[in-house]
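When a residue number appears, it is its place in the shown sequence, counting from 1.
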Amino acid sequence: MSGAHPSRRRASVRAESLVPGLLPRSNLLGALEEKRRLQLKKFLLHRLFFVAKLSERADRQDVTGYHERLFQNILKYHLGEPVSGLLLLYPSSILHILESSSGTLYQILQDLASLQKQGSSALLQEIKILVVSHNIPTKLFLQWYVTMVTLPVTYLEDVTQSQSTEEVVTECLTLLLKLGTYLSKTFKVSSKGLGDNLHTLVPELLIPAETINYLCKTKEFMSPEAFLKMYNNPLQPAMASETVWPTPCHLYP
């Protein structure tokens, strides 16, 4: 049992709390990642996968610029809900993974639907929604990445002729999730970008361009417009009698 005076013990505790060596150490990377984690707690996360063909005149700057402007405009109305994900740019198509709130992804789908109405002049064509994952526990990507994909001929094996559509898309999603896990371990928040050498680092995790072209033409997947129409329609449509006021009732039992 200590015989020190209570006031002296309190003063000692206050002094120890001010010693720099006892304070928890931190760095910029840790602060950025903690900020991201706090942002994720504010809303439920969802993940969107879609593919699209590029117009003949489209280049990397056009596609990247379109998405950057779109994200910036949406962020004005959905503060604190940044978009993360991965945009894979192929010579004539794209594969895009997006992670954000339902409101942000809904606005993105609306813009994609409007874009596709431009017909042959649209930047992105034959857009198909592969899957939307709801209420994911955490983000797979720390930020939004863009990279060009150039696969060697040895990796352009066309498996779409021997597999069903369900098998093809399941294999694609598996590869993409593995790719996301690789990127999250390799690249941190402070990284400026991925570069364009994924095809040399992890060629086995990249989807062949022929597979993406196949998915764009598959009728099993919906366009953004069709997906939004399904999303906005109620699962249980109201009966005609439910729209009458006052509600009908029997005069006699």
Side-chain angles (χ1 to χ4, degrees), residues 46-60 62-63 66-67 70 83 85-100 102-136 140 146-151 153 155-180 204-237:
H46 308 278
R47 185 180 293 132
L48 166 68
F49 297 80
F50 74 88
V51 293
K53 292 283 194 67
L54 294 176
S55 66
E56 295 181 356
R57 298 185 299 274
D59 57 22
R60 174 172 182 163
D62 294 333
V63 180
Y66 162 75
H67 286 97
L70 175 60
V83 175
L86 175 64
L87 173 59
L88 297 175
L89 284 169
Y90 292 78
S92 61
S93 59
I94 68 168
L95 193 156
H96 207 169
I97 311 170
L98 295 171
E99 300 173 324
S100 191
S102 59
T104 298
L105 294 183
Y106 183 83
Q107 294 292 328
I108 292 173
L109 287 170
Q110 282 188 319
D111 202 88
L112 291 175
S114 299
L115 182 68
Q116 202 163 19
K117 291 180 180 179
Q118 298 176 10
S120 59
S121 62
L123 179 67
L124 302 179
Q125 302 175 9
E126 298 184 53
I127 306 172
K128 291 295 176 63
I129 309 301
L130 300 184
V131 68
V132 179
S133 302
H134 298 285
N135 302 335
I136 57 177
L140 189 60
V146 181
T147 184
M148 295 284 293
V149 178
T150 306
L151 292 176
V153 176
Y155 287 96
L156 294 181
E157 180 183 359
D158 187 4
V159 298
T160 59
Q161 302 297 325
S162 59
Q163 295 181 343
S164 66
T165 301
E166 182 178 356
E167 291 173 333
V168 172
V169 74
T170 299
E171 182 176 342
C172 290
L173 295 176
T174 301
L175 290 176
L176 291 172
L177 292 176
K178 289 181 178 180
L179 177 61
E204 71 280 2
L205 297 182
L206 296 176
I207 299 171
E210 284 79 1
T211 303
I212 296 178
N213 293 335
Y214 165 81
L215 294 173
C216 289
K217 297 177 181 178
T218 303
K219 296 181 179 180
E220 284 87 341
F221 301 114
M222 290 184 287
S223 65
E225 183 178 8
F227 184 89
L228 289 174
K229 184 177 181 180
M230 180 195 69
Y231 180 85
N232 291 325
N233 285 340
L235 294 177
Q236 297 180 344

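- The only option from Leu112, Val51, Leu109, Ile94 that meets the side-chain contact (heavy atoms from CB on, under 4.5 Å) definition with Ile127 turns out to be Leu112.
- For the pair Phe227/Leu48, no side-chain contact is recorded, criterion being any heavy-atom separation below 4.5 Å from C-beta on.
- Residue pairs satisfying the salt bridge (charged side-chain N to carboxylate O under 4.0 Å, His left out) criterion with at least one member in residues 49-58, sequence neighbours excluded, are listed as follows: Lys53-Glu126.
- Although no hydrogens or angles enter the test, the distance criterion places a donor-acceptor pair under 3.5 Å between the side chain of Thr170 and the main chain of Glu166.
- To the nearest 0.5 angstrom, Asn213 atom CG is 5.0 Å from Ser92 atom OG.
- The aromatic rings of His96 and Phe50 sit tilted relative to each other, their planes meeting at an angle between 30° and 60°.
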Donor-acceptor contacts, no H, no angles, side chain residues 113-123, under 3.5 Å, sequence neighbours left out:
unit_1	atom_1	unit_2	atom_2	d
Ser114	OG	Gln110	O	3.1
Ser121	OG	Gln118	O	2.9

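- Counting heavy atoms from C-beta on, the side chains of Glu99 and Val83 never come closer than 4.5 Å.
- Proximity of Ile207 to Ile212: side-chain heavy atoms (C-beta onward) are separated by under 4.5 Å at one or more points.
- Nearest heavy atoms, Thr147 versus Arg60: CA-NH2, 4.5 Å.
- Between atom CD1 of residue Ile97 and atom CG of residue Leu177 there is a gap of 7.5 Å, rounded to the nearest 0.5 Å.
- In this structure, the side chains of Gln125 and Leu54 stay at 4.5 Å or more apart for every pair of heavy atoms.
- Put simply, the side chain of Leu215 reaches to within 4.5 Å of the side chain of Cys172, judged on heavy atoms.
- The OG1 atom of Thr150 sits 10.0 Å away from atom CG of Leu206, with the distance rounded to the nearest 0.5 Å.
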task = Begin with the C-alpha distance, continue with both residues' side-chain angles, and end with the deciding distance and a verdict on side chain to side chain donor-acceptor pair (under 3.5 Å) for Asn232 and Tyr106.
result = CA-CA 11 Å; Asn232 291 325; Tyr106 183 83; 3.2 Å; yes
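- Remark: Thr165 engages Tyr214 in a side-chain hydrogen bond (donor to acceptor under 3.5 Å, both in side chains) (not counting sequence neighbours).
- The closest side-chain heavy-atom distance from Phe221 to Cys216 is not below 4.5 Å.
- Shortest non-hydrogen contact noted between Tyr90 and Ala209 is CD2-CB, 3.8 Å.
- Taken to the nearest 0.5 Å, the OG atom of Ser223 stands 7.5 Å off from the NZ atom of Lys128.
- Looking at His46, its side chain does come within 3.5 Å of a backbone N or O of Asn135 through a donor-acceptor pair.
- Looking at Arg47 and Leu140, their side chains come closer than 4.5 Å, going by heavy atoms from C-beta outward.
- Taking 4.5 Å as the limit, some side-chain heavy atom of Leu176 sits within range of a side-chain heavy atom of Leu95.
- Rounded to the nearest 0.5 Å, atoms CG (Leu87) and NE2 (His67) are 6.0 Å apart.
- Remark: the backbone N or O of Glu167 is paired with a side-chain donor or acceptor of Ser164 at under 3.5 angstrom.
- In this structure, CG in Leu130 is found 6.5 Å from CG in Leu173, a value given to the nearest 0.5 Å.
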